[in-house]
Amino acid sequence: MSVAEKGVEQGEVGTRHTGSTATRPRAVSTRLLRSELGLIMGRRRNQMGMLVLAALPVVLAVAVKLTAPNREGHDAGDFLVQATANGLFVPLAALTLEMTLFLPMAIAMLSGDAIAGEANLGTLRYLLTVPVNRTRLLAVKYASLVIGALIGVTIVTVVGAVVGIALFGAGPMLTLSGVQIGVWSAVGRVALVALYCAAGIAALGAVGLFVSTLTEQPMAATVTVMIVTIVSWILLGVNQLAFLHPWLIVDHWMSFSDLFREPPLWSNLLQGLGQDLAYAVVFWLAAWARFTSKDITS
Amino acid sequence: MSFWSTHPKVRWMAPVAAVAVVAVTPYAVSASADSGLPSRTAAQLLADVQRSDVATMSGTIVESANLGLPSLPGIGGSNGSADLTSLVSGSHTLRIWVDGPDRQRLAVVGDRGESDLIRNGTTLWTWSSATKTATKRTIDAGDKKASTPTALPTTPQDAAGEALKAIDPTTTVTTSGTATVAGRAAYELVLTPKTKATRVAQVRIAIDGVKHVPLRVQVYSTQLAKPAFEVGFTAVDFGKPDARQFAFTPAPGTTVKDGNAPTADSPKAPAPTTKPPTKPSTKELADKPTVVGTGWSTVVVAKLPADALAGLTGAAGKAPTDKGSDQSSAQMGAILKLLPKVSGAWGSGHLLSGTLFSAVLTDDGRVAIGAVAPAQLYAALAAR
């Protein structure tokens with residue numbers, strides 16, 4: 001499979017190559033980005049990954065539907081239990097679960113492929129013969145990771161919402177503050193949650209991009225990003241290390257439940273977005289420092 | 001371009017600089033605001049606070065306590081807990097909305113839960129997202145305010161009120177210039193005990209420069225460099241809150257209880273007043289307690305009623321859960337077993353040595369508590 005895939009990918013890179021040289025690129029051309037996204041979406045493993053992301057909310061919703069009665073009061077703070085009352089809780093429960101492992105894994109795979117994958121296949125040097133400087137290439141690579149993060153989170157949210165509404169219906173939503181908000185307000189807040197989660201995953205993508213410039217083994221980059229994620233979650237769970245928590249990328253990832261207070265509590269969310277931005281800037285710059293100064297031999 | 005290619009390593013300055021900016025930003029934000037407040041003496045500030053008549057405000061409060069209490073699952077609770085009684089340890093976020101004496105809302109924010117206390121006229125709602133239960137009570141219009149069932153002051157106002165009560169000849173009151181709290185310029189009032197015998201090193205009260213409302217109270221212990229107890233606004237607004245905040249309508253699908261109905265499982269009415277750990281209430285003490293010493297180094301010695309001793313209620317002194325319910329006495333019993341055993345000429349017992357106060361429960365049922373080191377408790381017990 002890998003040999004065949006290499007052939008396919010090299011072929012695609014070749015297409016992109018000629019495409020870029022045939023027409024002189026405009027000041028801001030989306031051609032490179034579109035080609036990158038086409039590559040990401042076209043890879044069979046990424047398509048399978050999207051299926052896995054989509055499967056979890058379906059499994060969750062069906063499981064809750066089958067065991068629905070008499071779970072109330074058991075752990076009512078949990079979004080999943082509330083799903084029986086309102087299908088819009090299904091995407092929230094799915095995001096809560098997938099933000100811990102599946103979505104970080106998805107971005108870890110994409111970011112591993114971004115630079116290390118190309119280097120491993122020997123396509124990176126061809127890519128660099130395109131009249132595109134390395135900084136712009138890195139920007140495009142990161143933009144495609146951000147879009148990949150958005151796509152992943154959107155899949156989970158939309159599939160969760162559709163399945164949840166189909167099985168449980170939608171209606172006014174009970175907030176953590178005990179009062180209800182209207183159904184459209186609830187939909188809006190679920191959409192904000194999706195954007196917030198995408199920001200966190202995109203920030204992790206910057207870490208992945210940096211690691212990807214350090215190695216020529218995409219698997220090494222993927223595993224490193226997963227280790228960073230898992231270690232962050234573990235450290236976040238240790239109260240004695242509270243001084244460290246503001247430095248962890250996952251620190252406020254679960255703060256999106258603050259959107260379901262009335263009125264929403266923004267402070268933690270803004271802090272979370274600030275952390276995401278800080279991670280994205282620092283690691284993109286680190287990736288830039290590494291990528292623009294290293295010798296590309298493969 | 002040529003510079004970059006001749007000095008490729010210089011590029012690493014960019015991420016390093018970004019890290020530096022990220023690390024420095026929080027400090028820069030808190031230090032940037034120049035107060036520009038005219039100087040006030042401590043006496044003027046005290047008068048200002050008493051005259052302040054802020055009727056409307058809303059804001060976010062962060063409370064953190066490091067009282068040196070044993071960290072057990074039953075006591076206090078972790079940082080994310082939304083239980084109203086969990087405020088005695090860790091760090092907690094509260095949101096308040098106040099519109100005059102009759103309309104208030106207090107929300108204790110947990111990781112994925114929330115407890116609310118909403119007063120609108122004579123109606124008092126409590127809401128717990130953990131149990132999805134709303135409880136409605138009717139209270140007397142005369143009640144000054146609806147207080148929460150916690151052992152520690154929940155708002156900077158409460159805490160400042162308690163601290164200002166302590167101003168007497170045993171306390172030195174000074175100002176230490178200005179501070180910035182919740183983005184507002186504030187004066188700082190510093191209360192220092194004159195005696196060295198207490199574990200309270202200093203109480204610092206930040207008072208809003210314009211509205212003269214306490215914005216933050218920090219209690220420093222002689223044992224710690226950081227405040228042992230701190231409650232302060234992280235965001236505050238003195239505008240009139242939206243009327244929506246006080247209109248609680250239980251949602252369908254939630255349990256609604258009548259808090260006035262005398263059912264066995266209805267929650268107890270909130271404790272009448274909040275109190276700091278240094279001022280034990282006398283309600284569960286059988287004999288009139290003996291007071292040894294004065295001011296900050298006061299030690300209160302009391303004898304527990306026999307049944308309370310059996311259940312070990314209130315064992316950890318005035319600490320956290322002196323509610324007297326079966327559950328809390330069982331909890332207290334468990335905690336007591338973990339406390340170190342101490343003995344001396346005064347007898348023997350278990351010691352709770354906190355950062356701001358100490359307490360001893362003797363085996364013969366006496367309890368001594370004070371904002372002092374254990375040695376002074378022993379002395380007070382022996383003197384009796």
Side-chain angles (χ1 to χ4, degrees), chain A residues 72-73 75-79 81-82 84-86 92 96 133 135 171-181 210 237 239-240 242 245-247 254-258 260-263 265-268 271 274-275 277-295, chain B residues 1 4-5 7-19 21-23 25-26 58 60 62 64 71 78-80 82 90-91 93 95 97 105 107 109-116 118 125-134 234-235 242 244-245 247-255:
Chain A
E72 283 203 34
D75 187 12
D78 198 344
F79 290 133
V81 180
Q82 302 214 43
T84 52
N86 192 332
L92 299 178
T96 306
N133 70 35
T135 305
M173 187 185 244
L174 175 66
T175 61
L176 291 171
S177 304
V179 292
Q180 281 189 327
I181 52 172
F210 170 59
N239 279 339
Q240 282 76 4
H245 292 176
W247 296 92
M254 289 301 162
S255 292
F256 63 73
S257 57
D258 283 356
F260 297 93
R261 304 182 193 281
E262 189 55 35
L265 178 62
W266 297 105
S267 56
N268 289 332
Q271 205 180 335
Q275 287 167 327
L277 183 68
Y279 261 91
V281 168
V282 167
F283 280 93
W284 191 86
L285 284 174
W288 170 81
R290 165 73 181 164
F291 187 61
T292 51
S293 59
K294 84 166 178 177
D295 294 327
Chain B
M1 195 66 200
W4 288 131
S5 43
H7 302 86
K9 296 292 176 206
V10 176
R11 294 166 198 270
W12 287 97
M13 295 295 286
V16 170
V19 170
V21 168
V22 169
T25 302
S58 55
T60 308
V62 172
S64 59
S71 53
S78 60
N79 290 342
S91 174
T93 304
R95 308 168 83 187
W97 295 263
R105 176 177 164 200
V109 174
D111 267 354
R112 272 196 258 161
E114 186 171 312
S115 296
D116 279 72
I118 301 141
W125 281 100
T126 51
W127 159 260
S128 162
S129 70
T131 54
K132 283 215 274 182
T133 306
T234 55
D242 199 333
R244 207 154 51 99
Q245 307 304 343
F248 184 84
T249 319
T254 59
T255 315

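Lettering of chains follows the sequences in order, A, B, ..., and the numbering in each one begins at 1.
- Residues A/Leu174 and B/Lys132 form a side-chain contact, since some pair of their non-hydrogen atoms from C-beta on lies under 4.5 Å apart.
- Proximity to chain B is limited to the side chain of A/Phe210, based on heavy atoms less than 4.5 angstrom apart.
- Contact of A/Leu265 with chain B is made through backbone and side chain together, with heavy-atom distances under 4.5 Å.
- Only the side chain of A/Thr96 comes within less than 4.5 Å of a heavy atom in chain B; its backbone stays farther off.
- Taking A/Asn268, A/Val281, A/Val282 one by one and counting their heavy-atom pairs under 4.5 Å with chain B, the maximum is reached by A/Val282.
- With a 4.5 angstrom heavy-atom cutoff, B/Ala235 does not touch chain A via any of its atoms.
- Residue contact with chain B, scored on non-hydrogen atoms closer than 4.5 Å, involves the backbone and the side chain of A/Glu262 alike.
- Contact of B/Trp127 with chain A is made through the side chain alone, with heavy-atom distances under 4.5 Å.
- Heavy atoms closer than 4.5 Å to chain B are found nowhere in A/Trp284, neither backbone nor side chain.
- In plain terms, the two heavy atoms of A/Ser293 and B/Trp12 that are nearest each other are OG-NE1, 4.5 Å.
- Proximity to chain A is limited to the side chain of B/Thr60, based on heavy atoms less than 4.5 angstrom apart.
- The closest side-chain heavy-atom distance from A/Ser177 to B/Arg105 is below 4.5 Å.
- In this structure, chain A has no heavy atom under 4.5 Å from any part of B/Ala134.
- The parts of A/Pro263 that come within reach of chain B are both its backbone and its side chain, each placing non-hydrogen atoms under 4.5 angstrom from that chain.
- Listed options A/Ser257, A/Ser255, A/Ala286 were ranked by heavy-atom pairs under 4.5 angstrom with chain B; first place goes to A/Ala286.
- Of all heavy-atom pairs between B/Val22 and A/Ala278, the closest is CG2-CB, 3.6 Å.
- In terms of modelled atom types and a separation under 3.5 Å, the side chain of A/Arg261 and the main chain of B/Val109 share no donor-acceptor contact.
- With rounding to the nearest 0.5 angstrom, the OG1 atom of A/Thr175 is 7.0 Å from the CD atom of B/Glu114.
- Residue B/Thr254 touches chain A through its side chain alone, counting heavy-atom pairs closer than 4.5 Å.
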